[in-house]
Amino acid sequence: MSTYMGYDPSALRSLRDAMMRAELGLDMIIVVDPEAASAMRTVSAARTLLSSQWGPFIDGLFGCRAMTGYTPVTMLPADVRLSLLASHSGWTFDTDPGTSADAPMHR
């Protein structure tokens with residue numbers, strides 16, 4: 001489990017585009033066979049969920065500015081005092097995936 005908060009805007013756009021394509025694809029499925037009624041209800045429910053809940057949620061993330069100007073927390077590996085405090089507090093070191101590997105982050 002990751003403890004990082006934030007999102008990659010390009011990945012979010014890709015997700016939104018894929019969701020829109022899925023919604024259109026689900027909308028194009030037409031089956032008149034009575035034996036497929038249960039499956040078609042599932043298709044309809046998935047389409048409704050994409051359009052009424054997930055689409056607006058993802059669109060809302062585009063308006064979020066929480067990560068604008070994000071500067072990761074860094075610590076010099078040689079800072080022994082902070083390392084001792086961290087180890088006594090049960091903290092561990094991680095590397096922020098948005099920075100270079102030599103900029104550890106505390107959590």
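Please read these numbers as outputs of a predicted model, since none were measured by experiment.
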Point-to-point distance, once rounded to the nearest 0.5 Å, from CD1 of Ile58 to CG of Leu50: 10.0 Å
For Ser10, side-chain hydrogen bond (donor to acceptor under 3.5 Å, both in side chains) partners two or more places apart: Asp8
Would you list the atom pairs, donor with acceptor, under 3.5 Å between side chains in residues 29-48 and any protein atom, with sequence neighbours excluded?
{"from": "Asp33", "atom 1": "OD1", "to": "Glu35", "atom 2": "N", "distance (Å)": "2.9"}
{"from": "Thr42", "atom 1": "OG1", "to": "Ser38", "atom 2": "O", "distance (Å)": "3.2"}
{"from": "Arg47", "atom 1": "NH1", "to": "Leu26", "atom 2": "O", "distance (Å)": "3.2"}
{"from": "Thr48", "atom 1": "OG1", "to": "Ser44", "atom 2": "O", "distance (Å)": "2.9"}

Pair listing, ring-ring contact (aromatic ring centres under 6.0 Å, His included) test, anchored in residues 13-32, at least two apart: none
Heavy-atom pair with the smallest gap, counting every atom of Pro56 and Ser51: CD-O, 3.4 Å
Pairwise distance CE(Met19) to CG(Leu12) - rounded to 0.5 angstrom: 9.0 Å
ring-ring contact (aromatic ring centres under 6.0 Å, His included) partners of residues 19-57, not counting sequence neighbours, each pair once: Trp54-Phe57
Phe62 with Leu15, same ILVMFWY side-chain cluster at under 4.5 Å: yes
Pairwise side chain to side chain donor-acceptor pair (under 3.5 Å) hits with a residue in residues 12-21, at least two apart: Arg16-Asp59
